[in-house]
Engineer: 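The structure under discussion is supplied below as C-alpha cells; questions concerning it will follow.
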Amino acid sequence: MKISIIGAGNVGATLADRVLRERIGDVVLLDLVRDLARGKALDISDAAPLLGCENSIVGTADYENISNSDVVVITAGFPRKPGMSREDLISKNRNVVEAVLTGVKRFSPDAIVVVVTNPLDIMTFLAYEFMGRKRNRVFGMAGNLDTARFKAILSEELGAPAGSIETFVLGSHGDTMVPLVSRTTVSGKPLKEILKAEALKKILERTKKRGGEIVALLKSGSAYFSPSAACLEILKAIVNDEKKTIVCSSFMQGEYGIKGCAIGVPARIGKGGIEEIIEWDLPEEELCELQNSAKQVKDVLNQYAL
Ligand code: APR
C-alpha cells in the first residue's frame, strides 16, 4: 500500500513513524515546508535498521510524489492554542485543506482520504464535497480518538484495564460528542451499575474536554500521540481489510435521522474505506444528543456558508 500523509507536523510525522513500525505500507510525507518533510522522513528512515522497519518513506513538498496513493491522510493545518475551540480554526484550516485537496484531486483522485485536520467534521464535509461526494472513500478520524479518551479516563478512574472496557463515542469531535453510556460495559458489567450519576457526569465532562486539557498543558500545539494512534487504527483496518467497526466522521444520508453534514458514527472499515454505516437502535436520549450534535455542526456550516 502507498500511504501519503499531508502535513509533516506533530500528527503527520508521528503517524508516519507508526505506519512504518507497523509495516503496513510505504509512506510519502508531504509538507508545505519541504525541508521539514525531508528532514523528518530521513530521521524516521534512519530508525528503520533499529526498529526492523522494511517500508520506504520519502519527504517532499511536491504533490506529484503522492500519485496513485491508496490512502491519503490530511493532517496539514493549524493546531489549537490554549483557550481556542476547534471552530476557531475554521478560516485558516479551510484554506489549507482546500489547497491540499487540489493536489490530492490532481494526483490521487481515487485514493481513500482520511481527514484529521480540525475542526474535524467541518473539514471532512469540505473534503467530501471537494472530492466528488464519495462518502465511502472520504471520511474523518476522531470518533475512535474520543472513544479511546473515554476508555483511558474510565480506566484511570475505575482502576480497570482499558481492554476490559467496551464503549463508543459518537457525534461531533467537540463539546457535543456523545459517549454511548448505554453501550458501555466494564468486564461485561453496564457502566451505569458501576458508577453513580454524579461521578459519571464528571467523567463525561472530562472526556469531552480532554483535547483542550492537553492543549492547555502543552501551551503550544495540540495532542498528537493519540490522534496518530487513532488514525493508525483506521489505516490498519483499510490495509488489512478488517471490516472493523470504528467510529468515523461520515457524511450522513438520513442514518440516525441526520442528513447533510459529516459526523461521527459507527462504520465498518475495510479495503473499500467505509463499507457500511452501522445504525444501532439507540435509546431516545442518546439519539437526541446525536441529532443535536449534528445540528450544531450544520449551524457552523451555515454560519460559514460552507
Ligand atoms: N500544505 C501542506 N502542509 C501544510 C500546509 C499546506 N497548505 N499548511 C500547513 N501545513 C503543515 C505545516 O507546515 C505543519 O508542518 O501542516 C503541519 C501541521 O503540523 P503541526 O503544526 O505540528 O500541527 P499538528 O499537531 O500536526 O496538527 C495538525 O491535526 O489534530 C489536528 O487540530 C490539529 O488541525 C490540526 C492538525
Side-chain angles (χ1 to χ4, degrees), residues 2-9 11-12 15 28-32 37 60-79 86-143 172-174 227 231 234-235 238 247-255 258-265 267 269 271-275 277 294 296-306:
K2 177 171 176 178
I3 299 170
S4 293
I5 301 171
I6 318 296
V11 178
L15 176 63
V28 175
L29 185 60
L30 186 148
D31 201 284
L32 192 64
T60 183
D62 183 352
Y63 277 91
E64 204 168 341
N65 291 124
I66 72 161
S67 297
N68 303 317
S69 299
D70 296 289
V71 188
V72 175
V73 182
I74 302 179
T75 76
F78 296 88
R86 293 184 181 91
E87 279 68 33
D88 292 333
L89 297 168
I90 287 182
S91 306
K92 280 169 129 184
N93 282 353
R94 176 191 185 176
N95 293 336
V96 171
V97 167
E98 284 180 351
V100 168
L101 288 168
T102 304
V104 175
K105 201 169 183 177
R106 176 151 179 229
F107 290 103
S108 250
D110 299 322
I112 293 174
V113 175
V114 181
V115 180
V116 179
T117 306
N118 274 311
L120 193 273
D121 304 288
I122 306 294
M123 296 301 137
T124 301
F125 175 81
L126 284 183
Y128 161 79
E129 291 277 325
F130 198 100
M131 295 300 291
R133 303 182 163 207
K134 296 175 284 187
R135 80 156 173 180
N136 59 324
R137 299 185 74 78
V138 181
F139 53 95
M141 178 294 294
S172 167
H173 184 47
C231 199
I234 294 174
L235 294 180
I238 295 169
V247 179
C248 294
S249 182
S250 165
F251 183 75
M252 302 297 282
Q253 296 172 331
E255 299 84 359
I258 301 167
K259 267 188 185 166
C261 67
I263 198 155
V265 286
I269 306 294
K271 67 177 185 313
I274 289 185
E275 299 190 344
I277 302 286
Q296 300 229 6
V297 173
K298 276 195 194 175
D299 287 348
V300 174
L301 289 174
N302 288 334
Q303 190 188 334
Y304 286 82
L306 299 170

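If you're wondering where the values come from, they're calculated on a predicted model, not measured in any experiment. All values below come from the heavy atoms of this structure, side chains included, with hydrogens, waters and symmetry mates left out.
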Engineer: Looking at every heavy atom in both I90 and P119, which two are closest together, and how far apart are they?
Structural biologist: CG1-CG, 3.3 Å
Engineer: Which heavy atom of S250 sits nearest to which heavy atom of V265, and what is that distance?
Structural biologist: CB-CG2, 4.1 Å
Engineer: Taking only residues two or more places apart in sequence, or in another chain, which ones meet T117 in a side-chain hydrogen bond (donor to acceptor under 3.5 Å, both in side chains)?
Structural biologist: none
Engineer: Sequence neighbours left out, what passes side-chain hydrogen bond (donor to acceptor under 3.5 Å, both in side chains) with T75? Give chain and number order.
Structural biologist: none
Engineer: T124: which residues meet the side-chain hydrogen bond (donor to acceptor under 3.5 Å, both in side chains) condition with it, sequence neighbours left out?
Structural biologist: none
Engineer: Check whether any side-chain heavy atom of V72 lies under 4.5 Å from a side-chain heavy atom of V114, and answer yes or no.
Structural biologist: no
Engineer: Can any side-chain N or O of D70 pair as donor or acceptor with the backbone N or O of K2 at less than 3.5 Å?
Structural biologist: yes
Engineer: Pair C248, I234 - check side-chain contact (heavy atoms from CB on, under 4.5 Å), show working.
Structural biologist: CA-CA 9 Å; C248 294; I234 294 174; 3.9 Å; yes
Engineer: Would you please name every residue forming a salt bridge (charged side-chain N to carboxylate O under 4.0 Å, His left out) with K271, sequence neighbours left out?
Structural biologist: D241
Engineer: Does a side-chain heavy-atom distance below 4.5 Å link S249 with M141?
Structural biologist: no
Engineer: For N65, check side-chain hydrogen bond (donor to acceptor under 3.5 Å, both in side chains) against everything at least two apart and list the hits.
Structural biologist: T60
Engineer: Does A8 have any side-chain contact (heavy atoms from CB on, under 4.5 Å) partners at least two apart in sequence or in another chain, and if so, which?
Structural biologist: L29, D31, L36, A37
Engineer: Which pairs count as salt bridge (charged side-chain N to carboxylate O under 4.0 Å, His left out) when at least one residue sits in residues 296-306, sequence neighbours excluded?
Structural biologist: K295-D299
Engineer: Output side-chain donor-acceptor pairs under 3.5 Å for residues 96-105, partner residues at least two apart or in another chain, one line each.
Structural biologist:
{"from": "E98", "atom 1": "OE2", "to": "R94", "atom 2": "NE", "distance (Å)": "3.4"}
{"from": "T102", "atom 1": "OG1", "to": "E98", "atom 2": "O", "distance (Å)": "2.8"}
{"from": "K105", "atom 1": "NZ", "to": "F130", "atom 2": "O", "distance (Å)": "2.8"}

Engineer: Side chains of I6 and V73: does their closest heavy-atom pair fall under 4.5 Å?
Structural biologist: no
Engineer: Between N136 and E275, is any pair of side-chain heavy atoms under 4.5 Å apart?
Structural biologist: no
Engineer: Indicate the atoms forming the closest heavy-atom contact of S172 with I263, along with that distance.
Structural biologist: N-CG1, 3.5 Å
Engineer: Would you call L301 and I122 a side-chain contact if the rule is heavy atoms closer than 4.5 Å?
Structural biologist: yes
Engineer: Looking at residues at least two apart in the chain, or sitting in another chain, which of them share a side-chain contact (heavy atoms from CB on, under 4.5 Å) with P79?
Structural biologist: S222
Engineer: With a 4.5 Å heavy-atom cut-off, do V116 and I74 have their side chains touching?
Structural biologist: no
Engineer: Applying side-chain contact (heavy atoms from CB on, under 4.5 Å), run through F139 and I269 and close with a yes or a no.
Structural biologist: CA-CA 11 Å; F139 53 95; I269 306 294; 4.2 Å; yes
Engineer: What closest approach, in Å, do V297 and C261 show between heavy atoms, and which atom pair accounts for it?
Structural biologist: CG1-CB, 4.1 Å
Engineer: F125: which residues meet the ring pair (Phe, Tyr, Trp, His ring centres under 6.0 Å) condition with it, sequence neighbours left out?
Structural biologist: none
Engineer: Provide the closest heavy-atom pair for A294 versus I258 in the form atom of the first, atom of the second, distance.
Structural biologist: CB-CG2, 3.5 Å
Engineer: Please tell me whether Y63 and F107 form a close aromatic pair, meaning their ring centres lie under 6.0 Å apart.
Structural biologist: no
Engineer: Taking the side chain as everything from C-beta on, heavy atoms only, tell me whether V28 gets closer than 4.5 Å to S69.
Structural biologist: no
Engineer: Considering non-hydrogen atoms only, spot the tightest contact between L15 and C231 and give its length.
Structural biologist: CD2-SG, 3.8 Å
Engineer: Out of curiosity, L89 CG to F78 CZ, how far, rounded to the nearest 0.5 Å?
Structural biologist: 9.0 Å
Engineer: Tell me, which pairs form a salt bridge (charged side-chain N to carboxylate O under 4.0 Å, His left out) where one or both residues lie in residues 124-142, sequence neighbours left out?
Structural biologist: E129-R133, R135-E255
Engineer: Quick one: do N118 and H173 satisfy side-chain contact (heavy atoms from CB on, under 4.5 Å)? Show the steps, please.
Structural biologist: CA-CA 9 Å; N118 274 311; H173 184 47; 3.3 Å; yes
Engineer: Could you list the residues that satisfy side-chain contact (heavy atoms from CB on, under 4.5 Å) with Q296, not counting sequence neighbours?
Structural biologist: T176, N292
Engineer: Could you give me the CA-CA distance, side-chain angles and deciding distance for L30 and I5, then say whether side-chain contact (heavy atoms from CB on, under 4.5 Å) is met?
Structural biologist: CA-CA 6 Å; L30 186 148; I5 301 171; over 6 Å; no
